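First comes the structure, then the notes that go with it.
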Amino acid sequence: MEETDREAVATAVQRVAGMLQRPDQLDKVEQYRRREARKKASVEARLKAAIQSQLDGVRTGLSQLHNALNDVKDIQQSLIDVNKDWRQSINTIENLKDVKDAVVQHSQLAAAVENLKNIFSVPEIVRETHDLIERGELLQAHRKLMDLECSRDDLMYEQYRMDSKNTHDMNLIHTYFGDMQKLSDELAKQLWMVVQRSLVTVRRDPTLLVSVVRIIEREEKIDRRMLDRKKQTGFIPPGRPKKWKEKMFNILERTVSTRIEGTQADTRESDKMWLVRHLEIIRKYVLDDLLVAKTLLDQCFPPHYDIFNRLLNMYHQALATRMQELAAEDLEANEIVSLLSWVLNTYTSAEMMGNSELSPEVDVNSLAALISQNVVDQLLSKYMSTLTSNIIGWLRKALETDKKDWIKETEPEADQDGYYQTTLPAIVFQMFEQNLQVAAQINEDLKAKVLILCLQQMNSFLTRYKDEAQFYKEDHLKNRQYPQCYVQYMIAVINNCQTFKESIISLKRKYLKSDMEDTLSISHANMDATLDIIAKEGCSSLLDEVFMDLEPHLNELMTKKWLMGSNAVGTICVTVEDYFNDFAKIKKPYKKTMTLEAHRRVVVEYIRAIMLKRISFKNAEERKEGAERMIKEAEQFRFLFKKLAAGSGEDTEGLCDIIEAIAEVIKLTDPSLLYLEVSTLVSKYPDIRDDHIAALLTVRGDASRDMKQTIIETLDQGPSQPNPNYVPIFKEITVPTLTVPKLLK
């Protein structure tokens, strides 16, 4: 206490010192005293109130403890009295054992008396129940079966209560009611037959199906009651629980699986379309069954059975199993497409699960996939591999068939515009179209892959086509009389190139997405190049055919016979025109090219005849006559090819101008102007070589060796200003060197 007092005094001194730090604060001492007195009084009042509250709580607690002590003493005394009474009643309980046994025996006898009528009439009830089952009166039969089971179960329960280890009496009861189990099995068999045919029964006799469901519900209730009693007593009758509801769903599941599997009526050996037929039957059956289940079957079952969704899941699972089985088989390409198209598209379409009559119960977006993506990828990979082999085989077969047509003795067919053609392009692109249409049934990605595959194989095919056309030409050259319609079929091959080009463009436009255009641009360019080569080689081979027939007449040019009035050029023109009557069957792009090439080759051969120096004019008269003849024949050529090129818009006169320019050199009468005329010729046609000039001067016949050399040397030193539009022609013409002295230094 002394320590506390000291601390209080020290605190007070400190507070007073804090309040009286300045002289003017001494005037407020009385005010400070009154304020501190009020604070002290307030603190003392709160302290008293707190102490009083604590005292009241202690007083109440002591009172309650006193009452609890009295209660404990009373309970202790009561327990002593109960213990005393219990010890006194032990002997009495032992004396009541006989009474307990009598009560148990009385209960058993009461049960026996209660079931006495059923016990004695068991054989008769069994017969009646059997008759009811055979007549199809299943509800009445089940009622009697329940009575028999109830009697048996009560007797066995009482026996179990009296002596659970007495198996002899239990077996005796079980044996006596043995026929009852057969009845139960027989009734169950009838129930399962109705359940198996539930989708048919619900349309013909829904009452029968409702009766079956009621029987199953009764059995479910009995099962639950028996299981509850087992938890309490440990006893359960034989054959319980029957679990008929579970068995019913198992039966339905097996029925659904059997129905799906049983729709395959054909095999690949008996029908190539077996899978399409099989899948279509499945689609029809499943849709019909689910519509019946939703509209009729759902009304025959309690709501908690959720029968429609249960059946929906069963069908989905059965379909998944069946689709996986089919996917595991060694399917052909068309079968893979049929399967994938059905699984990925038909199953969720309005023709099946997406049918408006099944909504909203069936949500196609929530249905799991029938086969996994991994299996889908494997099937697609197998399809692409098989399709690749098939396309290669189809293209090879189509080409072989087309080759057989090439050797026919009848002309090829013509299209509506009169152009020769074979069936090859139509066959090839019809095959491509069919495969693309099939692929489009699955998805866009597969369609794109098939298109790329088709164009890739087309590229390879065109290379083989080019080779076969070349072989065709070579075989013909061995014997020009065979095949008889060589020209016509070569024209058809050329026309096919244009048809292929148009078909490729059409195919890409129809099936190729714009974002994939760049992917195939190189391939397309390669195909176009190959087709152009085939057509060019075909045109060249036809022109070779023409010029082989023209060879004797070309050999007459620039000879004595020609100078004497040979009609070689007339024959050449007639022959060319006759051939071009057939060439009119060539489509325009290639016909135009061929006309220009024929014109060029005729002029080249004519100039080559000049350069061969078959003739050397002896005097000015012969030179004039020969030159005028050359100019006349150039005009004949010009007229011919202008006629053949009618409508093409091409200038066909420029080539014949070369012949006329050469004729002017030959026609010149003043040798002193020869250099000027030759230089004019060289300026127009800068690819003319020295040997060409030498040969030309040799044909002229009046130029000495020194003059030739002087002209050539002077021309070599002169400037050359070639025309940028001039297409070289002299580079194709070779001058024989064995009979001509070499004039070049």
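The model shown is predicted, which means the values in this text are computed figures rather than measured ones.
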Using the ring of each side chain (for Trp, its six-membered ring), is F500 parallel, tilted or perpendicular to Y465, with breaks at 30° and 60°? perpendicular

Where does the angle between the aromatic ring planes of F580 and F583 fall among parallel (under 30°), tilted (30 to 60°) and perpendicular (over 60°)?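 Rings of F580 and F583: perpendicular, over 60°.
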
Beyond-backbone contact of [X] with [Y], side-chain heavy atoms, under 4.5 angstrom:
X    : Y    : result
E332 : I336 : no
K447 : Q437 : no
T734 : D691 : no
Q470 : K473 : yes
K382 : D330 : yes
I712 : V678 : no
K408 : Q484 : no
L557 : R614 : yes

Can you check whether [Y]'s main-chain N or O pairs, donor with acceptor, with [X]'s side chain at less than 3.5 Å?
X    : Y    : value
S385 : S381 : no
S506 : S503 : no
D578 : V574 : no
T575 : T571 : yes
T559 : E556 : yes
T499 : N495 : yes
D687 : I729 : yes

Do you see a donor-acceptor pair shorter than 3.5 Å between the side chains of [X] and [Y]?
X    : Y    : value
E411 : Y420 : yes
D402 : T423 : no
E335 : W274 : yes

For [X] versus [Y], what's the shortest heavy-atom pair and its separation?
X    : Y    : result
Y590 : L531 : OH-O, 4.3 Å
S616 : G701 : OG-CA, 3.5 Å
C656 : F637 : SG-CB, 3.7 Å
I505 : H524 : CG1-CE1, 3.9 Å
I572 : L550 : CA-CD2, 3.7 Å
S338 : L279 : O-CD1, 3.6 Å

Pair [X] + [Y], salt bridge at N-O below 4.0 Å:
X    : Y    : answer
R638 : D657 : yes
R623 : D702 : yes
E605 : R608 : yes
D417 : K587 : no
R464 : D467 : no

Inter-residue atom distance [X].[atom1] - [Y].[atom2], 0.5 Å rounding:
X    : Y    : atom1 : atom2 : answer
D528 : S523 : CG    : OG    : 9.5 Å
L668 : L676 : CG    : CG    : 8.5 Å
L507 : L455 : CG    : CG    : 6.0 Å
L644 : T595 : CG    : OG1   : 6.0 Å
I693 : M611 : CD1   : CE    : 9.0 Å
I711 : L674 : CD1   : CG    : 4.0 Å

Pairs of donor and acceptor atoms involving the side chains of residues 428-436, under 3.5 Å and at least two apart or interchain, shall be tabulated with distances.
from: E433; atom 1: OE1; to: K510; atom 2: NZ; distance (Å): 3.3
from: E433; atom 1: OE1; to: Y511; atom 2: OH; distance (Å): 2.7
from: N435; atom 1: ND2; to: M431; atom 2: O; distance (Å): 2.8

Donor-acceptor contacts, no H, no angles, side chain residues 532-540, under 3.5 Å, sequence neighbours left out:
from: D532; atom 1: OD1; to: K501; atom 2: NZ; distance (Å): 2.5
from: D532; atom 1: OD2; to: K501; atom 2: NZ; distance (Å): 3.4

For Y383, ring pair (Phe, Tyr, Trp, His ring centres under 6.0 Å) partners two or more places apart: none

What residues form a ring pair (Phe, Tyr, Trp, His ring centres under 6.0 Å) with H692, not counting sequence neighbours?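 For H692 the ring pair (Phe, Tyr, Trp, His ring centres under 6.0 Å) partners, ignoring immediate neighbours, are F730.
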
cation_pi(R700, F617) dist<6.0 Å, angle<=45: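 That pair does not qualify as a cation-pi contact.
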
Would you say that more than 12 heavy atoms from the other residues, nucleotides or ligands in this model lie under 6.0 Å from the CE of M707, or not?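 Yes, enclosed.
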
Check this for me: E474, atom CD, are more than 12 non-hydrogen atoms of other residues, nucleotides or ligands nearer than 6.0 Å? yes

Yes or no on side chain to side chain contact (heavy atoms under 4.5 Å, CB included) for E468 and W406, after CA distance, side-chain angles and deciding distance? CA-CA 11 Å; E468 292 298 339; W406 295 353; 4.2 Å; yes

Between V276 and M273, is the side chain to side chain contact (heavy atoms under 4.5 Å, CB included) condition met? List the steps. CA-CA 5 Å; V276 174; M273 301 296 289; 3.7 Å; yes

Give the intermediate values and the outcome of salt bridge (Lys or Arg N to Asp or Glu O under 4.0 Å) for residues E400 and K403. CA-CA 5 Å; E400 291 298 325; K403 282 169 56 183; 3.6 Å; yes

Evaluate the side chain to side chain contact (heavy atoms under 4.5 Å, CB included) criterion for residues I586 and Y419: first the C-alpha distance (whole Å), next the side-chain angles of each, then the deciding distance (0.1 Å), finally the verdict. CA-CA 6 Å; I586 300 176; Y419 298 120; 5.9 Å; no

What pairs with N567 under side chain to side chain donor-acceptor pair (under 3.5 Å), at least two apart in sequence or on another chain? none

V602 vs F641, side chain to side chain contact (heavy atoms under 4.5 Å, CB included): CA-CA, chis, key distance, verdict: CA-CA 10 Å; V602 166; F641 287 104; 3.7 Å; yes

Ring centers of Y489, Y472 separated by less than 6.0 Å: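 No, too far apart.
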
Enumerate, atom names and distances included, each donor-acceptor pair closer than 3.5 Å involving a side-chain atom of residues 624-632, sequence neighbours excluded.
from: R629; atom 1: NE; to: W562; atom 2: O; distance (Å): 3.0
from: R629; atom 1: NE; to: E633; atom 2: OE2; distance (Å): 3.4
from: R629; atom 1: NH2; to: S566; atom 2: O; distance (Å): 2.1

Qualifying residue, where the test is side chain to side chain contact (heavy atoms under 4.5 Å, CB included) with T388 and the options are I392, I391, N390: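 Only one of I392, I391, N390 forms a side chain to side chain contact (heavy atoms under 4.5 Å, CB included) with T388, namely I392.
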
